[in-house]
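Report on the structure given below.
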Amino acid sequence: MNRFVLSLLAAVASQAIAQPAPTTFPAEAVPLSPAVLQETLAGKTYTVKMADGKDWKWQFNSNGYFFFNSGGFSDTGKWSTKESTLCSEGKKINASCNEVRQQGADLFLKRDNGDVVRMTTQ
């Protein structure tokens, strides 16, 4: 293949990868009670594939502490549930509460910037 065709294919591929994250929950995703959300998260590790291709790893310990890692960035802190929200406060990440809904085995979290990301159990 010539360079033009390769460049064109690379441009198309990068556009396909860089699609923006959705800002609404899937229609079938349902809110969870605080107790069910806590039980769903406690003792589990979730991964999130971001729209920019980066991955998150988020471990929720049963004692109310979390560990977060994304590439070279990591943080630890406290987590809790309130209504259908996950509240977290890290040493580096500001405190916030984010709405969470469930569809099947996956959770969907609405980030502070409005993006909705899929959280998959490892």
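Any value given below was found using the heavy atoms of this structure, including those in side chains, with hydrogens, waters and symmetry copies removed.
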Is there a side-chain contact between Pro31 and Arg101 in this structure, where contact means two heavy atoms from C-beta onward sitting under 4.5 Å apart? yes
So for atom NZ, which belongs to Lys78, do other residues, nucleotides or ligands contribute more than 12 heavy atoms lying within a distance under 6.0 Å? no
Residue pairs, two or more places apart or on separate chains, that pass ring-ring contact (aromatic ring centres under 6.0 Å, His included) and touch residues 95-122: none
Would you list the atom pairs, donor with acceptor, under 3.5 Å between side chains in residues 54-64 and any protein atom, with sequence neighbours excluded?
| unit_1 | atom_1 | unit_2 | atom_2 | d |
| --- | --- | --- | --- | --- |
| Gln59 | NE2 | Asn61 | OD1 | 2.8 |
| Asn63 | OD1 | Tyr65 | N | 3.1 |

Would you say the side chain of Gln38 lies within less than 4.5 Å of the side chain of Trp79, judging by non-hydrogen atoms? yes
All side-chain contact (heavy atoms from CB on, under 4.5 Å) counterparts of Asn94, not counting sequence neighbours: none
Looking only at atom types and distance, does a side-chain atom of Ser84 sit under 3.5 Å from a main-chain N or O of Val100, one as donor and one as acceptor? yes
Compare all side-chain heavy atoms of Thr121 with those of Thr45 and state whether any distance is below 4.5 angstrom. no
Can you pull the disulfide bond (SG atoms under 2.5 Å apart) pairs that have at least one residue in residues 55-91, sequence neighbours excluded? Cys87-Cys97
Are any side-chain N or O atoms of Ser33 and backbone N or O atoms of Val36, one a donor and one an acceptor, separated by less than 3.5 Å? yes
May I ask you to check whether over 12 heavy atoms, not counting those of Glu99, lie within 6.0 Å of atom CD? yes
Would Met119 and Phe67 show up in the same hydrophobic cluster when neighbours are defined by side-chain heavy atoms closer than 4.5 Å? no
For Glu83, enumerate each residue passing the side-chain hydrogen bond (donor to acceptor under 3.5 Å, both in side chains) test, keeping only those at least two apart in sequence or located in another chain. none
Taking distance alone, no hydrogens or angles, what donor-acceptor pairs closer than 3.5 Å link side-chain atoms of residues 23-30 to residues at least two apart or in another chain?
| unit_1 | atom_1 | unit_2 | atom_2 | d |
| --- | --- | --- | --- | --- |
| Glu28 | OE1 | Gln103 | NE2 | 3.1 |

